[in-house]
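Throughout, a chain's letter reflects where its sequence line sits, starting with A, and its residues are numbered from 1.
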Number of protein chains: 2
Amino acid sequence: MSEKKIATIKDVARLANTSTATVSYVLNEVPSRYVSADLRKRVLDAAAELHYIRSTMASGLKGKKRGIIAALVPQFTNIFFNRFLLGVEQVAHRNNYIISVCNTFDDSVYEKQVLYNAIGHHVDGFILVPTEGSYSNYEIVRNFQVPYVVAERPLHQSHNYDFVAMDNYDAGYTATKHLINCGHRRIGLMTWRTNVTTLQGRPEGYYAALKEAGLEISPNLLYAGDFSEEAGARLTRQMLKDNPDITAIVYDYHVQALGGYKALKECGVRIPEDISVVIVGDPEWEFIADPPLTCIQLPAFQVGQRSAELLFDKILATGQDTPHTPVSETIKGTLLQGKSVKTLL
Amino acid sequence: MSEKKIATIKDVARLANTSTATVSYVLNEVPSRYVSADLRKRVLDAAAELHYIRSTMASGLKGKKRGIIAALVPQFTNIFFNRFLLGVEQVAHRNNYIISVCNTFDDSVYEKQVLYNAIGHHVDGFILVPTEGSYSNYEIVRNFQVPYVVAERPLHQSHNYDFVAMDNYDAGYTATKHLINCGHRRIGLMTWRTNVTTLQGRPEGYYAALKEAGLEISPNLLYAGDFSEEAGARLTRQMLKDNPDITAIVYDYHVQALGGYKALKECGVRIPEDISVVIVGDPEWEFIADPPLTCIQLPAFQVGQRSAELLFDKILATGQDTPHTPVSETIKGTLLQGKSVKTLL
DNA sequence: GTTACATAGGCAAACGTTTACTTAGTTTTG
DNA sequence: CAAAACTAAGTAAACGTTTGCCTATGTAAC
């Protein structure tokens with residue numbers, strides 16, 4: 001009930017009967033500052049008694065680190081970015097940082113607001129998953145020399161930044177290759193029509209696997225549409241109609257696969273007897289589906305972790321001694337076998 | 001490349017050839033301050049030219065609002081809290097606030113760290129989803145009079161706080177009632193053995209529905225276990241063995257339902273012909289399951305929204321004019337019909 | 001018995017804003 | 001026409017920390 005105010009360093013100094021300087025030195029454990037055991041104890045006791053908590057914003061004003069990084073992701077209900085953020089959070093926490101999670105909704109106007117807001121908060125660094133138009137938004141981040149790492153989607157206007165992403169090419173390749181290894185020859189692909197360039201790695205991997213196996217690469221087998229269940233269902237029906245001879249489908253996105261799976265069942269197509277299915281992604285329901293889906297597990301958590309690690313390397317690099325050449329890393333996914341692929345003789 | 005520093009109000013004042021006071025007044029659009037059109041323009045131009053961004057931490061030092069709230073949730077990979085956070089974010093953004101999302105991992109030690117950290121950042125308010133032992137952790141929040149709203153799980157040591165949660169009792173009741181309406185008489189329940197008191201509303205709702213229908217309430221029909229797929233599977237087998245006569249099962253948690261669904265299929269039980277199933281929760285895969293699950297859609301987004309609205313009511317209530325009696329709200333879920341329930345004659 | 005260093009701790013100036021005061025000139029009012 | 005009221009803008013004191021600089025001992029070295 002008492003109108004208690006949060007204790008300041010002055011209150012602690014007063015109670016410990018010393019100066020704020022000493023309190024600051026004691027609490028920051030500055031080794032070069034001599035403080036007698038007695039006084040140190042008085043300070044510590046006073047701080048404990050008053051429940052003193054350093055004001056990060058006051059100390060931030062003096063050029064100290066703020067202990068906060070911002071992560072901008074396009075959709076935080078997407079399980080992929082969820083796991084990604086979990087990876088970021090783990091590393092942040094290990095460094096005693098908190099993380100401000102911002103959803104950009106894949107909208108660069110919204111993103112810009114969020115970015116300015118965060119800059120105003122003097123965050124120590126950014127983990128950025130770009131959206132279209134991000135490059136110009138990032139100008140302030142570059143100008144103010146706030147450390148940042150770009151994740152998952154590259155900026156095509158520049159190559160001068162650290163980048164971590166999952167290996168989309170490998171994911172597309174592995175999914176397709178698995179079907180080929182199981183004897184499939186006519187394999188359809190359903191993908192998302194997007195401008196996000198890394199994601200184009202998925203169809204590229206598909207092509208590469210086909211080519212390597214000497215299979216015909218037909219544009220008829222490629223279906224691209226919206227990032228929606230509806231598109232997945234509609235295009236699946238279309239694909240079946242256009243290509244009565246296909247034996248397998250690769251779904252590049254779980255959302256489309258969801259619609260596709262339903263459409264296949266509705267058409268009376270049996271999985272995997274009539275059509276085998278592999279999806280890129282591990283949406284959590286891959287094994288509840290009937291039959292359980294063979295899928296490519298994506299390294300979302302690891303991408304988050306690695307991005308954060310790189311960011312902290314930069315944040316904690318005190319001087320700008322080493323000019324730091326930008327790194328670009330990709331992390332591969334893993335094939336998880338379900339029961340949606342039939343082995344052909 | 002230039003070692004550009006972020007512009008301060010002084011830089012703007014210098015460029016506009018005026019004082020920092022005027023800049024501050026102009027930029028804050030203080031109506032009581034007279035500024036000539038000419039000077040105002042000079043200030044605005046200077047600010048734009050220098051890409052001035054107000055330092056939230058410096059202005060925060062002067063007792064201004066920080067524009068940041070913290071949301072502490074136990075698990076942010078849980079789809080429920082995801083949607084919940086989306087609701088919080090929506091309201092926060094509408095108020096021009098950013099949100100710091102912190103995962104407590106249902107660990108009160110971790111939670112305490114996060115809480116102290118956030119207090120040090122002088123966040124303007126908290127959305128708190130408690131974990132066990134939270135009450136004492138919240139002491140600093142109470143002491144420092146930082147506004148907060150508790151969501152989803154109540155604190156049983158006090159009643160003096162704002163609280164928003166989904167209606168677990170209603171969810172349990174509605175799920176069970178639906179089965180009863182479809183003619184089921186022997187209905188099993190699988191739930192999570194937890195100390196989170198609100199969650200006990202789910203089994204209570206189940207009991208209430210049975211009682212209302214004059215059905216036998218047998219402890220044999222109640223199976224409680226871990227929050228895991230494995231427990232869901234194991235206990236489902238046990239339930240079937242113990243009660244050969246049951247015709248339906250209510251799963252209180254989607255994670256257990258996942259294991260349960262698999263176990264049912266492995267045992268050769270047909271859904272819904274042999275056993276009908278309703279789950280509490282809408283985990284995103286409810287309709288990919290085979291057959292699609294009848295479920296209770298949880299109002300996660302709305303709970304997040306409402307919590308944030310209450311929080312902003314408190315944050316924005318300038319004076320402490322009205323002493324504010326604590327509110328406690330619950331929001332009901334909705335029945336979503338799948339094909340996992342058979343209507344008995 | 002100076003000089004030098006190690007130990008111990010206080011003073012006060014930043015950091016970037018906000019805002020209560022102050023100063024002045026220009027209208028309006030009685 | 002003097003007093004009041006409005007318009008316009010600058011000064012400087014906070015806010016809570018950090019840290020360079022200073023002072024004052026005690027003790028070891030020359």
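- A donor atom on one side chain and an acceptor atom on the other are found under 3.5 Å apart for B/Gln113 and A/His93.
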Full working for side chain to side chain contact (heavy atoms under 4.5 Å, CB included) between A/Ile69 and A/Val88:
CA-CA 10 Å; A/Ile69 63 171; A/Val88 174; 4.2 Å; yes
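- Residues B/Asn103 and A/Glu89 bring no donor and acceptor atom of their side chains to less than 3.5 Å of each other.
- Between the C1' atom of D/dT18 and the CE atom of A/Met57 lies a distance of 16 Å, rounded to the nearest Å.
- Taking every heavy atom of both residues into account, B/Val23 and B/Ala13 meet most closely at CG2-CA, 3.6 Å.
- Rounding to whole angstrom units, CG of residue A/Leu27 and C1' of D/dG16 are separated by 13 Å.
- Remark: P of D/dT25 and CG of A/Leu39 are 17 Å apart, rounded to the nearest angstrom.
- Rounded to whole Å, the distance from CG on B/Asn17 to P on D/dA9 is 12 Å.
- In this structure, B/Ile119 atom CD1 and D/dG16 atom P are separated by 15 Å, rounded to whole Å.
- Across the protein-nucleic acid pair, A/Lys65 atom NZ and D/dT18 atom C1' stand 14 Å apart, rounded to whole Å.
- When the P atom of C/dG16 is taken as reference, atom CG of B/Asp11 falls 8 Å away, rounded to whole Å.
- B/Thr131 and B/Ser134 form no side-chain donor-acceptor contact under 3.5 Å, judged by distance and modelled atom types alone.
- Here D/dG16 presents its C1' atom at 12 Å from CZ of A/Arg14, a figure rounded to the nearest Å.
- Around the CD atom of B/Gln157, the shell of radius 6.0 Å holds more than 12 heavy atoms that belong to other residues, nucleotides or ligands.
- Each of B/Leu61 and B/Tyr34 was assigned the nucleotide of DNA chain D with the nearest heavy atom; the assignment lying further toward the 5' end belongs to B/Tyr34.
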Each nucleotide of nucleotides 17-28 of chain C classed B (base within 4.0 Å of a protein heavy atom), S (only sugar-phosphate) or -, in 5' to 3' order, makes BBBB--------
